[in-house]
There are 2 protein chains.
Amino acid sequence: MAPPTFAHVIILGIIEDQAAIRDALSEYLAAQPEFTCVLSTASHEEFMERLPDLAEPPTLVLSDIGLPGRSGIEGLAILRHALPMVEVLMLSVYTDAERVFEALRQGAVGYLEKTTPLPLLKEHLLQVAAGGSPMSPSVARHVTRYFRPLPPTPAESLTPREQDIVRGIEDGLSYKLIADRLHVSLDTVRSHIRQVYRKLHVNSKAEIMVRRQRPLLFW
Amino acid sequence: MAPPTFAHVIILGIIEDQAAIRDALSEYLAAQPEFTCVLSTASHEEFMERLPDLAEPPTLVLSDIGLPGRSGIEGLAILRHALPMVEVLMLSVYTDAERVFEALRQGAVGYLEKTTPLPLLKEHLLQVAAGGSPMSPSVARHVTRYFRPLPPTPAESLTPREQDIVRGIEDGLSYKLIADRLHVSLDTVRSHIRQVYRKLHVNSKAEIMVRRQRPLLFW
DNA sequence: ATAAAATTCACATCTTTATGCTATAGCGCT
DNA sequence: AGCGCTATAGCATAAAGATGTGAATTTTAT
């Protein structure tokens, strides 16, 4: 009996400057029945140039980050603009927070270390096609750290009513709208806000709002 | 020769209500030389009760989410309060965005599907000990979606200078400080902000700031 | 090259915020 | 009963923000 056929063969693109790695990737993956590799280049520029020549554009691109010329992250935005449906899996020796978040914010679907062995890489590519987002554990650690609870509040804790007020500010409401929402007078809102400012050592709504932003660790 | 010894044996705790799964986990893992399992309970309440009796507290807890009584996520905050250094790896049949983000925000170090085979689970636990954050691809997908670029701007796109202004607002700066940062006059900042407000259909700094919040998808 | 857009700045006006001071009513605690 | 804290509210003032109009200069695109 013939090997199982796949309703959707994954059409691969590869961007990787080191020829040895690039060839190893494309040869190994192209040999798998689940994949076709339609474009494999050493630079992002070349990839984008040759893209229009293809009969079928890739559905999944495996991209290095440390590329000569345009980096994989800069290229990511361009590539996703040209092919909005494409999924891009980053492959990099670098797993620092800055690059990881930049890649994710540009829409990378996953982020793997370059040391990932080929058979595992194949598994990960299949997982992408199945709606997953493979991430090396060291990469994912940046992400979990990002979501980790912020230290409660360095200042004295706020009373329930003061927290209502802060919520209003964080929702971008004016004093007037906060007053309406809480069914109190404008001056009462002023009173509470004054108290909140004292406790949190701030002196503008803007500072309240930035205060709750999750820091991107490398900033 | 004796099998390799481990400078740091990982001291495990397990919280899982289904006895069959709990036993399979603790038996399999306790049989590995890298692990010691010091506490294995069917509920979070029981886990916290028995915690003080231990000679050595766990350094890594494997916790189910769908527990009777206190859920794994509610318990996560309590557990991390009692043992601030502990790392908690969630194990759940549920991989919906709500639970994933809630767990991460409570400080979970990773999040795996319950279907993870035991040998792979062991690998993931070792990766946690090595500073990694294992996440099942379907879990990580929520995360990548969270970081994915927001649809550029439903309004007309902003000029570079206008983007500088918006960045200033998002950083919580006053008009004066934005002017200083960009080395322009206060009135110039006013001009740009007026223009930005027109383009984005807002009319306060606060609306600019809420605008950039990344939605948690399930809200 | 010429029009359109972007960047800069000024002056005016009105609204919203920030901040100080004061005060009353209700609650829980000693 | 008295103390401290919370929640409410008012009045006043100065600073910051929002908004209109106008205009000169530079950059970008047709």
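Labels below follow one simple rule: chain letters A, B, ... track the order of the sequence lines, proteins then strands, and each chain is numbered from 1. Nothing here was measured: the structure is a model prediction, and the numbers come from that model.
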- prompt: Of all residues at least two apart in sequence or in a different chain, which pass the side chain to side chain contact (heavy atoms under 4.5 Å, CB included) check with B:Ile21?
  reply: B:Glu16, B:Gln18, B:Leu25, B:Lys114

query: Between D:dC5 atom C1' and A:Gln195 atom CD, what is the distance in whole Å?
result: 10 Å

- request: Salt-bridge test for A:Glu87 and B:Arg141: reply yes if a basic N is under 4.0 Å from a carboxylate O, no otherwise.
  value: yes

- prompt: Any ion pair linking B:Glu74 and B:Arg80 (charged N to carboxylate O, less than 4.0 Å)?
  reply: no

field: Between P of D:dT19 and NE2 of B:His201, the distance in whole Å
entry: 14 Å

- prompt: What is the nucleic acid contact for A:Arg194, judged by heavy atoms within less than 4.0 Å: base, sugar-phosphate only, or nothing?
  reply: base

message: Does B:Thr188 reach a base, just sugar-phosphate, or nothing at all? Heavy atoms under 4.0 Å.
response: base

- prompt: How is B:Asp187 classified with respect to the nucleic acid when contacts are heavy atoms under 4.0 Å: base, sugar-phosphate, or nothing?
  reply: base

Between P of D:dG17 and CD of B:Glu207, the distance in whole Å: 15 Å

field: OP1 or OP2 of D:dG10 under 4.0 Å from side-chain N/O of A:Ser185
entry: yes

message: Go nucleotide by nucleotide along DNA chain C from the 5' end; which of B:Pro160 and B:Arg190 gets its closest nucleotide reached first?
response: B:Pro160

message: Suppose we screen for side chain to side chain contact (heavy atoms under 4.5 Å, CB included). Which residues come up paired with A:Glu162, at least two apart in sequence or across chains?
response: A:Leu158, A:Thr159, A:His192, A:Gln195, A:Val196, A:Lys199

query: Within less than 4.0 Å of OP1 or OP2 of D:dA18, is there a side-chain N or O belonging to B:Tyr175?
result: yes

statement: DNA chain C: first to last nucleotide in contact with chain B (atom under 4.0 angstrom from a heavy atom), 5' to 3', is C:dA6 to C:dC11

task: May I ask you to say whether B:Arg211 pairs ionically with B:Glu207, meaning some side-chain N is under 4.0 Å from a carboxylate O?
output: no

field: Nearest-Å distance for atom pair CG/P, residues A:Asp164 and D:dT6
entry: 14 Å

Aromatic ring pairing B:Phe101/B:Tyr146, orientation class (parallel under 30°, perpendicular over 60°, tilted between): tilted

- prompt: Could you give the CZ-to-P distance, from B:Arg198 to D:dT21, as a whole number of Å?
  reply: 9 Å

- request: State the CD-CD1 distance between A:Glu45 and A:Ile15, to the nearest 0.5 angstrom.
  value: 9.5 Å

query: What integer distance in Å separates A:Glu162:CD from D:dC5:P?
result: 12 Å

message: I want to confirm an ordering. Mapping A:Lys176 and A:Ser191 to their closest nucleotides on DNA chain C, which one lands closer to the 5' end?
response: A:Lys176

